Amino acid sequence: MNDLHKVIECVPNFSEGQRKEVIDTIAHAIAGVEGVALLDIDPGLSTNRTIYTFVGHPQAVIEAALAAGRAAYNLIDMTRHSGEHPRIGAMDVVPFVPVQNATMADCIEIAREFADRLAMELSVPVYLYGEAQEREYRRDLSQIREGEYETLYSKIRKQEWKPDFGPAEFIPSWGATCVGARKFLIAYNINLLGTKEQAHRIALNVREQGRGKDEPGKLKCVRGLGWWLEESNLAQISLNLTDFEITNIHTAYNQCVTEAEALNVGICGSQIVGLVPLKPLLMAAESIIQKENLFILDEDQKIRLVIQRLGLNSIAPFIPKERIIEYIIREREGHDDSINSMEIKDLVKHISSRSLVPGGSCVTSLVATLGTALSTMCALLTYGMKKWESLEQEMRVIIAPLHATTKTLMNTLDSDTETLNAFLTVQKMAETNEEEKRFKQITENRCLQRYLDVSLDIMRQINDLWEPLQRLAPLFNFSTKTDFLVSVKCLETAAYGACKRIEIFSTSLIVTADTNPSEESDSQAKVPPKNYREEANTYLQTAQKSVQSILSIAEGRSE
């Protein structure tokens, strides 16, 4: 894949959080590199540390990190530095994180190139850590920073702590830099109305390392310590969640609450430092919803719930569009030309033009989405009203799949259109010789298969809704009867449209026996022996029977 399509995040931490002119100069150095977007600057007074977050394609991210390092080299003097956060150098930590279309292998390569260039250009010692480090005893950042800057003078002279790049000598003004590749790390602080010592005691109890080999902590993939936050007049249990899929923010928060209760001290909210992906917040929301038996479907409301329950506004306002990476990127990208972003009038204009794309394929997806949206509306106008209070649990079960399918079907407006467009584009490829003809046939077949897969997936999603719609038919708010009938017919029409497109396009699909997988490049495309038409016709027959039954119930109702 072209490197320009890969998105890498870099989150360098600098040992300066108090002098605005220094913080701003480093920020300008990063932002001045073409191909990167500086998303966040997070300085801390007590920690005397600033965390920058920027994203871009691999080479641009390397250049921006180097520009930041050059700026820091002349502005930060470690001989004068003090702060609450562990540190070993001026440009203390530089992690690279895969964000989009990128792998950990990409980030390892980027980390090593950056480390080599930084060490060579500034003549400073650089250590690799995380996935970029091959030696086990120095993979963890805490292993390299043990003793911090104050012990680096003697540590760096030992053979086992020789830097991976740069001179094995102590540079007083700089210290050393740790460069790594890792999964997304969430810097998460939990506020304690107690002492620094109590906060540290809790951190030792919960962090994976615990108090040592014989007394491990209670949470996996968590590093932690306790400190005093002077500007807020409280202590913090400062945690790094190195893999939120294993230990997420809500799990860490709840465990710290339990530990604090045992010490008879109070927790008063928490703080996410820097930016955070959307996924861990939604994971926290789902946990809270399940624990409290809530019924919340809207993404915005889920985020609000997490902010309130975990007290994320306790130190500073947590503004989702400024703190959640996906929201920031979406805001930066602005308006795009996808089907989903079009206004209705523009979409209709495109569909009615002399072009096959967008056409019936897009309309099929749109009609299916409108059908699920309408049926969701009918269910929601029944839920939460005193008149139908006895149906509340039943409606929760019905609404959830309708709401979820509306969101996933909306995405098919673009994927269905894009796959069809790719197929039609390949058909125009030249075939002046046998090699070109064979390549065109293989590519065309693969594009066609992806298009048929999307169409079949639409039918599967519709098929999964007949059961909840059957349950909704005798229960929905009677004032939405017309809307319900229209929604069911929309879904039937979409199922019919997808089936007919599969019937027509599947006739062009080439199916060959995979007799010699090692020679795939010299043969026609190997397509799994699916019978698209048979599966599509089965779904259509189910749709027609289900619609007849559902309409019979709905049309027979009278208020």
Side-chain angles (χ1 to χ4, degrees), residues 8-17 22-23 25-27 29-30 33 47-54 61-83 85-97 107-135 137-158 160-182 185 187 240 274:
I8 305 294
E9 180 190 54
C10 183
V11 194
N13 290 219
F14 289 88
S15 296
E16 176 57 67
V22 175
I23 296 168
T25 300
I26 295 172
I30 295 169
V33 176
T47 58
N48 197 10
R49 186 179 187 84
T50 299
I51 302 171
Y52 298 83
T53 303
F54 59 92
V61 164
I62 291 173
E63 297 302 330
L66 284 170
R70 291 187 204 105
Y73 186 80
N74 295 313
L75 297 173
I76 299 175
D77 183 354
M78 287 302 295
T79 64
R80 302 180 179 183
H81 182 272
S82 64
H85 199 287
R87 78 283 185 270
I88 198 172
M91 190 181 198
D92 191 51
V93 185
V94 187
F96 294 94
V97 184
C107 288
I108 292 171
E109 184 180 339
I110 291 166
R112 289 177 177 167
E113 180 181 340
F114 168 74
D116 186 22
R117 291 181 60 185
L118 182 74
M120 187 180 301
E121 186 170 330
L122 300 183
S123 296
V124 295
V126 179
Y127 291 96
L128 296 176
Y129 79 96
E131 296 297 324
Q133 178 58 261
E134 295 178 347
R135 285 175 280 188
Y137 75 92
R138 55 204 282 180
R139 282 174 65 88
D140 196 292
L141 189 58
S142 63
Q143 294 171 316
I144 302 172
R145 284 200 307 210
E146 186 177 4
E148 297 189 45
Y149 169 81
E150 284 72 17
T151 65
L152 184 61
Y153 174 81
S154 57
K155 185 175 184 177
I156 202 170
R157 298 171 188 273
K158 298 176 181 178
E160 66 268 28
W161 287 108
K162 180 182 177 182
D164 293 285
F165 297 93
E169 60 182 86
F170 181 60
I171 313 294
S173 62
W174 183 266
T177 297
C178 302
V179 177
R182 60 164 172 78
L185 180 148
N240 280 344

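Hydrogens, waters and symmetry mates play no part in the numbers below; they use all other heavy atoms, side chains included. Quick caveat, the model's predicted, so the values are computed rather than measured.
- Looking only at distances, a side-chain donor or acceptor of Lys155 sits under 3.5 Å from a matching main-chain atom of Ile144.
- Taking both residues in full, the closest heavy atoms of Pro163 and Pro125 are given as CG-CB, 3.5 Å, listed atom of the first, atom of the second, then distance.
- Atom CD1 of residue Ile30 and atom CG of residue Leu66 lie 11.0 Å apart, to the nearest 0.5 angstrom.
- Between Tyr127 and Trp161, the shortest heavy-atom distance links the atoms OH-O, 2.6 Å.
- Considering every non-hydrogen atom in both Ala65 and Phe96, the closest pair reads CB-CZ, 4.4 Å.
- In this structure, Thr47 contributes its side chain and His85 its backbone to no donor-acceptor pair below 3.5 Å.
- The line from CZ of Arg135 to CD of Gln143 is 12.0 Å long, rounded to the nearest 0.5 Å.
- For Glu146, the CD atom counts as loosely surrounded, since its 6.0 Å shell holds 12 or fewer non-hydrogen atoms of other residues, nucleotides or ligands.
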Output, in order, the C-alpha distance, side-chain angles, deciding distance and verdict of side chain to side chain contact (heavy atoms under 4.5 Å, CB included) for Tyr129 and Val93. CA-CA 9 Å; Tyr129 79 96; Val93 185; 3.2 Å; yes
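- Looking at Pro95 and Leu185, their side chains never come closer than 4.5 Å, going by heavy atoms from C-beta outward.
- Nearest approach of Ala111 to Val179, heavy atoms of both residues: O-CG1, 3.5 Å.
- Proximity of a side-chain donor or acceptor of Tyr73 to a complementary backbone N or O of Met91 within less than 3.5 Å is not detected.
- Interatomic distance, CG of Leu141 versus CG of Asp92, reported as 7.0 Å (0.5 Å rounding).
- How far CD1 of Ile26 is from CZ of Phe14: 5.0 Å, rounded to the nearest 0.5 Å.
- Between Ile156 atom CD1 and Thr151 atom OG1 the span is 10.5 Å, to the nearest 0.5 Å.
- The shortest non-hydrogen separation linking Ser15 to Arg49 is OG-NH1, 4.4 Å.
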Using salt bridge (charged side-chain N to carboxylate O under 4.0 Å, His left out), reason through Glu150 and Arg87 one step at a time and then give a plain yes or no. CA-CA 9 Å; Glu150 284 72 17; Arg87 78 283 185 270; 2.9 Å; yes
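- Within 6.0 Å of CD on Glu131 lie more than 12 heavy atoms contributed by other residues, nucleotides or ligands.
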Checking salt bridge (charged side-chain N to carboxylate O under 4.0 Å, His left out) for the pair Arg138/Glu160: CA distance, chi angles, key distance, verdict? CA-CA 9 Å; Arg138 55 204 282 180; Glu160 66 268 28; over 6 Å; no
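- We find that Glu63 and Arg117 are joined by a salt bridge, their nearest charged nitrogen and carboxylate oxygen being less than 4.0 Å apart.
- Formation of a donor-acceptor pair under 3.5 Å by the Thr50 side chain with backbone atoms of Glu16 is found in this model.
- Pairing each heavy atom of Val33 with each of Ala67, the nearest pair is CG2-CB, 4.2 Å.
- His81 contributes a side-chain N or O that, together with a main-chain N or O of Asn48, makes up a donor-acceptor pair within less than 3.5 Å.
- Side-chain contact between Phe114 and Phe165: absent, with no pair of heavy atoms (C-beta onward) separated by less than 4.5 Å.
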For Asp164 and Arg112, what are the C-alpha separation, side-chain angles and deciding distance, and is it a salt bridge (charged side-chain N to carboxylate O under 4.0 Å, His left out)? CA-CA 9 Å; Asp164 293 285; Arg112 289 177 177 167; over 6 Å; no
Residue pair Glu169, Arg157: steps toward the salt bridge (charged side-chain N to carboxylate O under 4.0 Å, His left out) verdict: CA-CA 7 Å; Glu169 60 182 86; Arg157 298 171 188 273; over 6 Å; no
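- At least one side-chain heavy atom of Ser173 sits less than 4.5 Å from a side-chain heavy atom of Asp77.
- Tyr149 places a side-chain N or O within 3.5 Å of a backbone atom of Pro172 that can act as its donor or acceptor partner.
- Rounding to the nearest 0.5 Å gives a distance of 5.5 Å between CD1 of Ile23 and OH of Tyr52.
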